[in-house]
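A quick write-up on the structure given underneath.
Just follow the structure's listing: the first ligand is 1, and inside any ligand the first atom is 1. Values below: all heavy atoms of this structure, side chains included; hydrogens, waters and symmetry mates excluded. Just so it is clear, the structure is predicted and the values come from calculations on it, not from any experiment.
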Amino acid sequence: MTSLQHNYQAVLSEIARTEAAAHRKPGGTKLVAVSKTFPASDIREVYAAGCRDFGENYIQEWYEKTRELADLPDIVWHVIGDIQSNKTKYVAERAHWVHTVGRLKTAQRLSTQRPSEMPPLQVCIEVNIAAEPNKHGVAPEEAVALAVEVAKLANIQVRGLMCVAKAGSSAEELRRQFGRMRQLLTDLNNAGIAADVLSIGMSADMEIAVECGATHVRVGSAIFGRRDYR
Ligand SMILES: *Cc1c(COP(=O)(O)O)cnc(C)c1O
């Protein structure tokens, strides 16, 4: 086993252990391996260990990797970064999931550009859960209304909600933010949207996220190592 494969297995074990401790159903949390800044060869290694779900932030970089990895047909691509208007077409044509829909306009473009022969794009509404300035995502109070509008689009399926918790939060603060996300998902269900996804949790807060009911955790550095953005 390579070190990346070892890391991947260790994260899976940690998720399983936390699900059990929280009395959750085993296998209820999907691990999305966040491969931004890392080469396609690293993705192959983790793929060989059994991972199929990969998350990427930078559309151009990701697009290159989809070409390099075109021989892996069952890979599931999760876009987890901000999408500029001039990049929505790439996403509509190649992504399976988008976790970061924070504006109706982005969703409208994605729906229009989604090829009709493909299944609907699976999306989460990104919530700026701690109301941080300069952070992407819709305000918590506006999340349900946005989701209801996005759900009307033809080629999109609203699956749930996503957030990035405030950096430096204590365990208690994380529980409060993730708990609010869970409440918003219930609100969404009560508004008639059959959404089931809570994409909360990254390397640093994965354990608390799983305790709080995460269905998807997006884990980068705990698998691939430290990122070098140069
Ligand atoms: C980079 C990133 C992650 C992964 O972060 P790690 O701390 O490396 O696990 C998860 N979600 C989003 C939105 C990201 O940008």
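Residues E173 and K166 are not paired through a salt bridge, judged by the lack of any N-O separation under 4.0 Å between the basic side chain and the carboxylate. A salt bridge is absent between E93 and R114: the closest approach of a Lys/Arg side-chain nitrogen to an acidic carboxylate oxygen does not fall below 4.0 angstrom.
Here I80 has heavy atoms under 4.0 Å from ligand 1 in both its backbone and its side chain. If you look at V164 next to ligand 1, the close heavy atoms, those under 4.0 Å, all belong to the side chain.
Under a hydrophobic clustering in which Ile, Leu, Val, Met, Phe, Trp and Tyr are joined whenever their side-chain heavy atoms come within less than 4.5 Å, directly or via other members, V138 and L198 fall into the same cluster.
Protein heavy atom at the shortest distance from atom 7 (O) of ligand 1 is S221 OG, 3.7 Å.
In this structure, W97 and H216 have tilted ring planes: the angle between them lies in the 30° to 60° band.
With atom 9 (O) of ligand 1 as the reference point, the heavy atom nearest to it among A204, S203, A222 is part of S203. For the residues M202, K36, R218, the heavy atom positioned nearest atom 2 (C) of ligand 1 is part of K36.
With hydrogens and angles disregarded, no donor-acceptor distance shorter than 3.5 Å links the side chain of R218 to the backbone of A33.
Near V219, the atoms of ligand 1 lying under 4.0 angstrom from a non-hydrogen atom of the residue are 9 (O). Near N57, meaning under 4.0 Å from one of its heavy atoms, ligand 1 places the atoms 14 (C), 15 (O). Taking a cut-off of under 4.0 Å to the non-hydrogen atoms of G220, the atoms of ligand 1 that pass are 4 (C), 6 (P), 8 (O), 9 (O).
Note on ligand 1: M162 sits in its first shell, one or more heavy atoms being nearer than 4.0 Å. Proximity of H99 to ligand 1 is not established, as no heavy-atom distance is less than 4.0 Å.
Counting non-hydrogen atoms of neighbouring residues, nucleotides and ligands closer than 6.0 angstrom, the CG atom of N134 reaches no more than 12 such neighbours.
Each of L185, V150, L188 was evaluated against I125; a single residue qualifies, V150, per the side-chain contact (heavy atoms from CB on, under 4.5 Å) test.
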